[in-house]
Every structure is written in structure tokens, then in C-alpha cells.
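Structure first, commentary second.
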There are 2 protein chains.
Amino acid sequence: MSAYAALAEPHRRQILDLLREGERPVTELVKRLDLSQPGVSKHLKVLREAGLVVVRTEGKQRVYALRPDPLAEVDQWLEPYRRLWSSRLDALERHLEENP
Amino acid sequence: MSAYAALAEPHRRQILDLLREGERPVTELVKRLDLSQPGVSKHLKVLREAGLVVVRTEGKQRVYALRPDPLAEVDQWLEPYRRLWSSRLDALERHLEENP
DNA sequence: TGCTCATATTTCCATATGGAAATATGAAAT
DNA sequence: ATTTCATATTTCCATATGGAAATATGAGCA
């Protein structure tokens with residue numbers, strides 16, 4: 001699954017936000033996510049397949065960590081759009097570009 | 001539909017990319033998209049509902065224009081992640097943050 | 001009015017999705 | 001070896017999704 005598609009799900013974005021604070025075992029994520037354990041595991045699987053997280057087994061636990069690299073693609077796609085909302089003059093600017 | 005979900009579909013991102021060059025009637029989009037006319041119209045509907053495009057009727061044509069505002073939310077969400085891939089020292093930085 | 005162009009909507013279909021509940025797996029502790 | 005804890009997988013279900021094909025709508029033109 002693409003990074004874009006992975007981000008479409010709010011819970012998955014939440015998971016990434018949590019992992020931004022540092023790596024976390026699944027239990028911890030379940031506690032903080034208002035979602036069942038299987039639900040969390042399912043989303044983690046999607047995130048794994050999108051390359052957005054990695055797992056490490058630590059004793060009984062499975063510790064997940066953020067892997068932000070695929071987000072760089074999204075960021076790059078977004079790049080040319082950024083200037084379009086960065087100033088109040090957007091509408092005017094666009095109009096001028098289209099009508100040189 | 002959320003902007004995130006709208007972006008999950010590659011054709012929809014393509015449409016936005018095309019509209020970044022300026023407003024375009026549907027015919028033009030159909031020509032450039034390797035997708036049937038109904039297909040394009042369906043995706044345009046989604047984009048409309050996500051607030052990412054606006055339409056204007058011009059004679060027989062329906063002219064679509066980009067409305068980048070909802071992308072700002074995505075951009076903001078992405079913001080704290082940006083530093084994580086912006087330097088080769090990421091892994092180290094994160095490690096240090098988690099283990100102060 | 002009837003025709004045509006541009007676009008939207010509907011229908012059909014196959015597939016994907018997310019959640020809940022139940023079950024399976026695997027490591028560690030007893 | 002058995003139990004327990006942590007997590008993953010499976011099953012079931014309702015709903016959403018995307019594409020293709022057919023049809024509908026609506027504006028301008030003959």
C-alpha cells in the first residue's frame with residue numbers, strides 16, 4: 001500500500017503520531033488509541049507494508065518504531081502546492097500565471 | 001471525504017497536478033488522464049466534496065480549478081515529521097530524544 | 001423543436017476496507 | 001509441560017471503492 005493510502009485512515013495517522021514520541025510496544029498503542037488490540041494490529045500491518053513502521057521483538061513484546069522515509073514522497077508531492085496557500089495573494093498569483 | 005483520503009487515489013493526485021497548471025474543462029482532463037469520462041467525473045466529485053477543487057460553468061463546459069486550502073492541513077500534519085528525514089542523523093537524533 | 005456536445009449520474013460488478021469477536025501463535029514464567 | 005502475557009491472524013459482516021457501460025441532464029445551436 002502507498003504511503004498516501006496508509007495516511008487515509010485517521011487511526012493510522014494517530015499511530016504514527018504516537019510513534020513520533022519514540023518506539024512503543026503494541027500494548028501501549030492499544031491503551032492510547034480507543035481501538036481494539038486486533039484493530040491496532042491490523043493497522044500496524046498496513047503501516048508495516050507501507051514501510052512506515054518497523055518492528056523489533058523484545059522479549060514478549062513487539063516494539064514498533066517510526067520509519068518516516070515514505071513520508072518524504074508525500075512531502076515532495078506536496079511541495080509545489082505549498083506556495084499556493086502560503087500567502088493571501090494566492091488567487092491573484094494563480095490568475096496572473098494563467099493569464100500572462 | 002478528508003483531503004488525506006482524497007489523495008489516496010493516484011488518478012486524483014494526477015488531476016490535482018494537472019489543475020496546478022491552471023483551470024481546465026473536463027474534456028481536457030479526460031484527454032490527459034487515460035481514464036474514461038465517467039471515471040474522471042467521479043473523481044472530480046470526490047475532489048469537490050473534499051474541497052480540493054471548485055467548478056464553474058462556462059457555456060457548455062464545466063471548468064475545474066484547484067483549491068489547495070485543504071492540503072494545508074496535510075502539510076501541517078506532516079510538519080513535525082519533516083525533520084525526521086531531513087538529515088542523515090535522524091536515527092541518532094531520535095535515539096537521543098528518547099534517551100535523554 | 002430537435003440535435004449535439006459536454007458532463008454527470010446510475011447501474012453493475014469485483015474487490016478492498018474497517019471493526020468486532022474468536023482463535024492462533026510464540027515467548028517467558030511457573 | 002502448563003499457564004500466561006503479548007500480539008497476530010482469521011472470520012464475519014456491513015460498507016466503500018474504482019472501473020466499465022449505459023443512461024440522463026443541460027446548455028447552446030441548427
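Note that this is a predicted model, so its numbers are computed, not measured. Only heavy atoms go into these numbers, but all of them, side chains included; no hydrogens, no water, no symmetry mates. Labels below follow one simple rule: chain letters A, B, ... track the order of the sequence lines, proteins then strands, and each chain is numbered from 1.
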>> If you compare all heavy atoms of P70(B) against all heavy atoms of A3(B), which two are closest, and at what distance to 0.1 Å?
In response: O-CB, 3.8 Å
>> For A8(B) versus A8(A), what's the shortest heavy-atom pair and its separation?
In response: CB-CB, 4.2 Å
Closest nucleotide among [options] to the [X] side chain:
| X | options | answer |
| --- | --- | --- |
| V26(A) | dA8(D), dA6(D), dG19(D) | dA8(D) |
| K60(A) | dT7(C), dA6(D), dA21(D) | dA6(D) |
| P38(B) | dT7(C), dT9(C), dT17(D) | dT9(C) |
| S41(A) | dA8(D), dG19(D), dA8(C) | dA8(D) |

Determine: side-chain N/O of [X] to OP1/OP2 of [N], distance under 4.0 Å, yes or no.
| X | N | result |
| --- | --- | --- |
| R62(B) | dG26(D) | no |
| Y64(B) | dA8(C) | yes |
| H11(B) | dG19(D) | yes |
| H43(A) | dT17(C) | no |

Nucleotide [N], atom [atom2] - distance to [atom1] of [X] in whole Å:
| X | N | atom1 | atom2 | answer |
| --- | --- | --- | --- | --- |
| I15(B) | dG18(D) | CD1 | P | 11 Å |
| K42(B) | dT17(D) | NZ | C1' | 8 Å |
| E23(B) | dA6(C) | CD | P | 18 Å |
| L33(B) | dG19(D) | CG | C1' | 14 Å |
| Q14(A) | dG19(C) | CD | C1' | 15 Å |
| K45(A) | dA24(C) | NZ | P | 17 Å |
| R56(B) | dT7(C) | CZ | C1' | 15 Å |
| K31(B) | dT7(C) | NZ | P | 10 Å |

>> Closest-nucleotide mapping onto DNA chain D: is E58(B) or E9(B) further toward the 5' terminus? I mean the 5' end.
In response: E9(B)
> Which sits closer to the 5' end of DNA chain D, V55(A) or R12(B), going by the nucleotide each is nearest to?
Replying inline: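 Here V55(A) is the residue nearer the 5' end.
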>> Assuming nearest nucleotide by heavy-atom distance, tell me which of V46(A) and G59(A) is located more 5' along DNA chain C.
In response: V46(A)
>> Return whichever of A8(A) or Q37(A) has its heavy-atom-nearest nucleotide of DNA chain C closer to the 5' end.
In response: A8(A)
> side chain to side chain donor-acceptor pair (under 3.5 Å) with E58(A): which of R56(A), Q61(A), K60(A)?
Replying inline: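 Exactly one pass, corresponding to R56(A).
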Solution key, residues 39-46 of chain A side-chain donor-acceptor pairs under 3.5 Å, sequence neighbours excluded:
unit_1: S41(A); atom_1: OG; unit_2: Q37(A); atom_2: NE2; d: 3.2
unit_1: H43(A); atom_1: ND1; unit_2: R12(A); atom_2: NH1; d: 3.2

> With a 4.5 Å heavy-atom cut-off, do D75(B) and R82(B) have their side chains touching?
Replying inline: yes
> Is any side-chain heavy atom of L19(B) less than 4.5 Å from a side-chain heavy atom of L52(B)?
Replying inline: no
>> Students often get this wrong, so: under 4.0 angstrom with heavy atoms, is P25(A) touching a base, only sugar-phosphate, or nothing?
In response: sugar-phosphate
